[in-house]
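Here the structure comes first, spelled out in structure tokens, and everything after it is commentary.
These values consider heavy atoms only, across backbone and side chains, with no hydrogens, waters or symmetry-generated copies. What you see is a predicted model, and the numbers here were worked out from it, not measured in a lab.
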Amino acid sequence: VQLQASGGGLVQPGGSLRLSCAASGSIFAINVMGWYRQAPGKQRELVATITSGGSTGYADSVKGRFTISRDNAKNTVYLQMNSLKPEDTAVYYCNAIITTIVEPRMKTNSYWGQGTQVTVSS
């Protein structure tokens, strides 16, 4: 199983970016998908999550500005980021809890994407 993230870049304060993360491989089911971020010198923090049923959760710092969504048919999670601030600058990582079939059992693991840089600066 692999997660491939894309969509980062340089944007001015107040601007928008959309991140995407596609899961591929021998996937039986994808449970929770989410986005985390890590700024230089700081610990990785949770940004947003979404369940397979579409329930979402957000860090207080991004509520009202970021929107997480997913396309279950494409095994893809998105993060729409609006009204970006310099403090949103970080490497953004996608995460997914994925169930695979390892005969004769099913196995559930946490998988991470490679990270995509988001820089908010004028």
Side-chain angles (χ1 to χ4, degrees):
V1 174
Q2 290 187 331
L3 297 182
Q4 182 67 44
S6 61
L10 172 64
V11 63
Q12 292 186 340
S16 298
L17 280 175
R18 188 190 194 210
L19 305 183
S20 300
C21 178
S24 61
S26 299
I27 297 169
F28 176 76
I30 302 178
N31 306 307
V32 178
M33 303 184 84
W35 290 94
Y36 292 71
R37 66 187 181 186
Q38 187 167 18
K42 295 187 176 181
Q43 289 188 330
R44 189 173 298 189
E45 64 175 0
L46 175 66
V47 176
T49 60
I50 184 167
T51 68
S52 56
S55 296
T56 59
Y58 296 92
D60 288 342
S61 59
V62 306
K63 281 181 182 177
R65 300 188 298 122
F66 290 11
T67 301
I68 189 170
S69 61
R70 64 191 279 176
D71 184 333
N72 291 329
K74 296 182 179 180
N75 291 337
T76 300
V77 62
Y78 306 95
L79 186 68
Q80 177 66 44
M81 304 185 293
N82 299 327
S83 303
L84 282 161
K85 305 175 181 180
E87 50 264 43
D88 295 317
T89 296
V91 178
Y92 283 70
Y93 297 90
C94 59
N95 174 268
I97 309 301
I98 297 175
T99 299
T100 58
I101 296 177
V102 182
E103 294 290 350
R105 299 181 181 87
M106 292 191 293
K107 188 175 182 181
T108 299
N109 285 318
S110 174
Y111 294 87
W112 291 92
Q114 82 282 12
T116 183
Q117 177 70 47
V118 172
T119 302
V120 185
S121 175
S122 54

Would you list the atom pairs, donor with acceptor, under 3.5 Å between side chains in residues 17-24 and any protein atom, with sequence neighbours excluded?
none

Mind checking side chain to side chain contact (heavy atoms under 4.5 Å, CB included) for Asn82 and listing every partner two or more places apart, or none if nothing turns up?
-> Ser16, Gln80
Side-chain hydrophobic cluster, 4.5 Å single linkage: members besides Val32 | Ile97
Pairs involving residues 47-57, ordered by first then second residue, that meet side chain to side chain donor-acceptor pair (under 3.5 Å) (sequence neighbours left out) | none
Could you pull out all residues at least two apart from Val91 that satisfy side chain to side chain contact (heavy atoms under 4.5 Å, CB included)?
-> Tyr93, Gln117
Does Thr108 have any side-chain hydrogen bond (donor to acceptor under 3.5 Å, both in side chains) partners at least two apart in sequence or in another chain, and if so, which?
-> Thr99
Enumerate the residue pairs fulfilling disulfide bond (SG atoms under 2.5 Å apart) with a member in residues 27-88, sequence neighbours excluded, ordered by first and then second residue.
-> none
Residues in side chain to side chain contact (heavy atoms under 4.5 Å, CB included) with Thr100, at least two apart?
-> Val1, Ile98, Val102, Lys107, Tyr111
Could you list all the ring-ring contact (aromatic ring centres under 6.0 Å, His included) pairs where at least one residue sits in residues 39-61, not counting sequence neighbours?
-> none
Sorted by chain and residue number, the side chain to side chain contact (heavy atoms under 4.5 Å, CB included) partners of Lys42 (sequence neighbours excluded) come out as Ala39
Extract all donor-acceptor atom pairs below 3.5 Å that involve side chains of residues 59-69 and protein atoms in other chains or at least two apart in sequence.
| residue | atom | partner | partner atom | Å |
| --- | --- | --- | --- | --- |
| Asp60 | OD1 | Lys63 | NZ | 3.2 |
| Ser61 | OG | Arg37 | NH2 | 3.4 |
| Arg65 | NH1 | Ser83 | O | 3.0 |
| Arg65 | NH1 | Asp88 | OD2 | 2.7 |
| Arg65 | NH2 | Ser61 | O | 2.8 |
| Arg65 | NH2 | Asp88 | OD1 | 3.0 |
| Arg65 | NH2 | Asp88 | OD2 | 3.4 |

Joining Ile, Leu, Val, Met, Phe, Trp and Tyr whenever any side-chain heavy atoms lie under 4.5 Å apart, the cluster holding Phe28 also takes in Ile101, Met106
